[in-house]
Every structure is written in C-alpha cells, then in structure tokens.
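All remarks here apply to the structure that follows.
From a predicted model like this one, the values you see are computed outputs, not experimental measurements.
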Amino acid sequence: MALLALDIGGTTIKHALFTEAGERITAVQETPTEKTAADNHIAAQAGTIYQAYHHSGITGVAIASAGVVDPDTGTIVSAGYTIPGYTGTPLKQSVENSTGVPCWVENDVNCALLGELWRNHYPQQHIFCMTIGTGIGGAILINGQLYRGASFGAGEVGYVNQNGQDFQTYANTQALIHRAADAANQPFTTGYQVVHAFRDGNPDVQNAVQLWLDGIASELVNINHLLNPELFIIGGGIIEGAPEFGQLLDAAFRQRLTVQQYAATALKTATLGNEAGMYGALYHYLQKEAAHGHGHSQDDRAHV
C-alpha cells in the first residue's frame, strides 16, 4: 500500500509515493502546472497523476497546495494571480471523485511546517515557519496546533505592509537578485548566481545580501513580538542552498532584539528542501484519517 503526495504550486506540481510511515518509495517527479491566462486544470491534472501511479495500489492522496485552503473541505478558499481561476476549487472532492480514494488538502506552507516538525522531531510547541521564494509564506504553530485564523489565512506574512510595500515585494528571492544585480552591475538572473558571487567575495553582492537579510530579520523581530515563538524555521531554495545566509540572518535577528525575554527564540533553516510540502501533506493526511477513524496517527504532537 502507498500514499500519493502532491505539492501544487503555480509553476510545477511535485509528486511521489510514500509509505504510511513516511518513507519515500519513488523519486520526486515534477510536472508543469497546467494553466492558462484565465484558468487552470489542476483538479483534472491531479487525477491524471494518480492514474500514472495507479498500479502501485494507492490508498490515499495527500496534497499540499498554494493558496488559502479549508483543510476540512479541501476547498481552495482563495488563490493569488499565479494560479488563475483556482479560487473556489473543490480540490478534495474532485480528486476523490476521480480516484475513488480519500484525499486531504492543506496549504503548502502549513505543510512545510508540519513536515519539518514531523521529520525532525522538534519538541517546540510554538513555532513560526517562513518560506522565501517567488512569494513569502508563513505558518503558525501555537500550543502544538496549527493556527489558521478565522478564514484560514493566518500567517500570510508576505502581504504584511511595510512603508507602502508588501513584505514579499522587497524580500522575496527575486528582490535579492535585482538588488545584487544593481549593486554589482552584473546581469544576475538566478539566486545561484548571487550565491556564487557572494562566495567569491564580491563586496557589492555581500552588502546587498546583508541588506536583504536585514529586512527579513526586522520582520522576524515584529513576528517575535506578536507571537513569541520558541522557534523560527526559515525555508526556501535560496536559504537552503546557502547555509551561511541562515547564519547571517540569525545574527541580524539577534542584533535587532531589544527585549531580553525574546532572545531565547531559536532560528533554524529548513532541512527537507522541496520535499517538505509533500511530507507535511502526508502527515496532515494521516492525522485527518486517524481523526475520522480510518487510520493511525503517526504522533500527536501537532494537531491538524
């Protein structure tokens, strides 16, 4: 028996098979997300991906998805411009209708937090997870439970306004690339190029990276005052690909702390890379099935 895990984004859908114990049993595949300028075909695409694995005896589908998600109905409450026409999609119902097996859906950043928590056995009960990529997302754990807010939109830190700009506008990966390119007068187009120049000792790039991290650190201080977590988990390709950025971010964060009681907050970088969402989706699936009497919970430290 196997479970199919999908991580649905605006550009690609990652997918792989897992055991119920959380062991990945196939390589991670990436399929381009099928969409047009006005619509998408994600629900049908999920069914097509399932059929490709059908011979493997899949007993359920676990989905991490971009957008604000109702985790009980599996409906996409709202979604941004990266996936046109996604808002209102009854994803859980559609997948169950097309596959005939149970399906549970959760927001991708919530899943990233759950995946890191599950696989790393973090004991903390109060955690804020931030992922930095094309946008910036957040997820909140309070007293060992995901906090989603009144309409499932809690943690959307990328849309927090600072000086007339969304946080993610000046702190996402693309903002770093533009900042470094302008500072060094270099045609950077990828985060890898910025990291390479940083490691080569380019002083303009190093300064640009520090200023970028300073902006993120300032937002972490604000979140720390608001939520007082025990642990920050910072993920996203640029952070995970450059461990020194995580160390510099931690130092910048601590330099900005003005209240000693908050100094105990730890900061760690994510460890699961682009598989975090799938692991978290699997964990969410197992918890939901256990709550409905259809399976066994892997552990009870995070109630979803």
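Residues passing the side-chain hydrogen bond (donor to acceptor under 3.5 Å, both in side chains) test with Asp250 are Arg254, sequence neighbours excluded. Not a single side chain to side chain contact (heavy atoms under 4.5 Å, CB included) links Ser98 to another residue, sequence neighbours left out. Remark: Glu244 pairs with Arg199 by the side-chain hydrogen bond (donor to acceptor under 3.5 Å, both in side chains) rule, at least two apart or across chains. With sequence neighbours left out, the side-chain hydrogen bond (donor to acceptor under 3.5 Å, both in side chains) criterion links Tyr279 to no other residue. In this structure, Phe128 has no ring pair (Phe, Tyr, Trp, His ring centres under 6.0 Å) partners at least two apart in sequence or on a different chain. A search for salt bridge (Lys or Arg N to Asp or Glu O under 4.0 Å) contacts involving Asp214 returns Arg256, not counting sequence neighbours. Listed by chain and residue number, Asp200 satisfy the side-chain hydrogen bond (donor to acceptor under 3.5 Å, both in side chains) test with His196 (two or more places apart in sequence, or in another chain).
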Please set out all donor-acceptor pairs under 3.5 angstrom arising from side-chain atoms of residues 226-235, sequence neighbours excluded.
residue: Glu230; atom: OE2; partner: Gln125; partner atom: N; Å: 2.7
residue: Glu230; atom: OE2; partner: His126; partner atom: N; Å: 2.9

Would you give me the side-chain donor-acceptor pairs under 3.5 Å for residues 7-18, sequence neighbours excluded?
residue: Thr12; atom: OG1; partner: Glu30; partner atom: OE1; Å: 3.3
residue: His15; atom: ND1; partner: Tyr53; partner atom: OH; Å: 2.8
residue: His15; atom: NE2; partner: Thr31; partner atom: OG1; Å: 2.7

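Members clustered with Phe152: Val68, Val77, by chain and number, using a 4.5 Å side-chain heavy-atom cutoff among hydrophobic residues. Residue Leu211 is found outside any hydrophobic cluster, as its side-chain heavy atoms come under 4.5 Å of no other Ile, Leu, Val, Met, Phe, Trp or Tyr. Through direct or relayed side-chain contacts under 4.5 Å between Ile, Leu, Val, Met, Phe, Trp and Tyr, Val109 connects to no other residue.
One side chain, Asn120 or Thr271, offers a donor N or O that lies under 3.5 Å from an acceptor on the other. A donor-acceptor contact under 3.5 angstrom links the side chains of Asn224 and Thr265, judged on distance only.
Residues Thr19 and Leu3 are not in side-chain contact: their nearest non-hydrogen atoms beyond the backbone lie 4.5 Å or more apart.
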